[in-house]
Amino acid sequence: MASRFTIFGKRTEAERPTTRDDEAPPLYPSTKMADEPPLGAAPPVRPPRFDEVYDAHFAFVWRNVLNRGVPSSAVDDVVQEVFVVVHRKLPGFEGRSSLRTWLAGIVRRVVADHVRKRGNAPVGDEPLENESASEARGPAEELDAKAAARVLDQLLAQMPEAQREVFILHEIEQMTGREIAESVGANENTVHTRLRAARRIFEEGLARLRAE
């Protein structure tokens, strides 16, 4: 944070305080260093360690990559690229936003770069399946989970990218409107407008699937 300075005007000779030769120097002279932070300033934020970020937020990053339409065959590579960027940029993390917001922004850029390199393949070209599903599920539960994942994938594929992005971050990742706005570089009103449109697409698509 930039330091704040108070600039004083120059005094004339008549305005300058006079000092007698016999006056004693201050009993306790100031020992404040020139580069010492001002009193009350917040201490610098220590960036978290990379292993802390990886352990705490791997699942968050993995879900975000998969739900943004990255083919399941490429998810691991994209997630790895995300954490390569995190490792490089983590020392500069200043805590101005939440860590999840910061990570979501990195995921957004890495996925966009992946999609651009991939070309014009449709975003929802592969089923949205949770490959790390719990081993405790029985066969029936596993089939239900995969069916639900396919339905979600179909509905997400019907949304424009901007709306799908907001829907995923809010409805799936439970991020606040403010966090999403910081992550996607939009104001909160725009985020809420996109979320309402995405919910309408989701509800209409779900109604059609139920009717079929």
Q: With D55, which residues qualify under side-chain hydrogen bond (donor to acceptor under 3.5 Å, both in side chains), at least two apart?
A: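 Checked D55 against side-chain hydrogen bond (donor to acceptor under 3.5 Å, both in side chains); zero matches.
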
Q: Please report the closest heavy-atom contact between L152 and I172, naming both atoms and the distance.
A: CD2-CD1, 4.2 Å

Q: One pair to check against side-chain contact (heavy atoms from CB on, under 4.5 Å): V65 and W62. What are the steps and the verdict?
A: CA-CA 5 Å; V65 170; W62 193 88; 6.0 Å; no

Q: Run the side-chain hydrogen bond (donor to acceptor under 3.5 Å, both in side chains) test against R49 and tell me which residues pass, sequence neighbours left out.
A: D51, E52

Q: For residues 194-205, which side-chain donor-acceptor pairs fall under 3.5 Å, sequence neighbours excluded?
A:
residue: R196; atom: NH2; partner: T193; partner atom: OG1; Å: 3.4
residue: R199; atom: NE; partner: E171; partner atom: OE2; Å: 2.7
residue: R199; atom: NH2; partner: E171; partner atom: OE2; Å: 2.7

Q: Could you state the interatomic distance from NZ (K89) to CG (L103), rounded to the nearest 0.5 Å?
A: 12.5 Å

Q: When rounded to the nearest 0.5 angstrom, what is the spacing between CZ in F60 and CG in L99?
A: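 Answer for the CZ-CG pair, F60 versus L99, is 9.0 Å.
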
Q: Tell me, please, which residues at least two apart from S98 pass side-chain hydrogen bond (donor to acceptor under 3.5 Å, both in side chains).
A: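 Listed in chain order: T101, E179.
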
Q: Measuring from atom CZ of R63 to atom CD of E173, what distance do you get when rounded to the nearest 0.5 angstrom?
A: 4.0 Å

Q: What heavy-atom pair brings L169 and S183 nearest, and what distance separates the two atoms?
A: CD1-OG, 4.2 Å

Q: So, do H170 and Q174 sit near enough that their side-chain heavy atoms are less than 4.5 Å apart?
A: no

Q: Under the rule for side-chain contact (heavy atoms from CB on, under 4.5 Å), what residues qualify as partners of V151, not counting sequence neighbours?
A: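 Residues passing side-chain contact (heavy atoms from CB on, under 4.5 Å) with V151: L155, L206, L209.
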
Q: Which atoms form the tightest heavy-atom contact between V111 and V70, and what is the distance?
A: CG1-CG2, 3.9 Å

Q: If I compare all heavy atoms of R68 with all of A104, which pair ends up nearest, and what's the gap?
A: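 Nearest pair, atom of R68 first, then A104: NH2-O, 4.4 Å.
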
Q: Please collect all salt bridge (charged side-chain N to carboxylate O under 4.0 Å, His left out) contacts where either partner lies in residues 101-115, sequence neighbours excluded, each pair once.
A: R108-E165, D113-R116, D113-K117

Q: Could you check if a side-chain atom of V107 sits within less than 4.5 angstrom of a side-chain atom of W102, using non-hydrogen atoms only?
A: no

Q: Taking side-chain hydrogen bond (donor to acceptor under 3.5 Å, both in side chains) as the test, write out the residues that go with N187, two or more places apart.
A: T190

Q: Among side-chain atoms of Q154 and R208, is any donor-acceptor pair under 3.5 angstrom?
A: no

Q: Apply side-chain contact (heavy atoms from CB on, under 4.5 Å) to Y54 and list each qualifying residue two or more places apart in sequence or on a separate chain.
A: F50, F58, F83

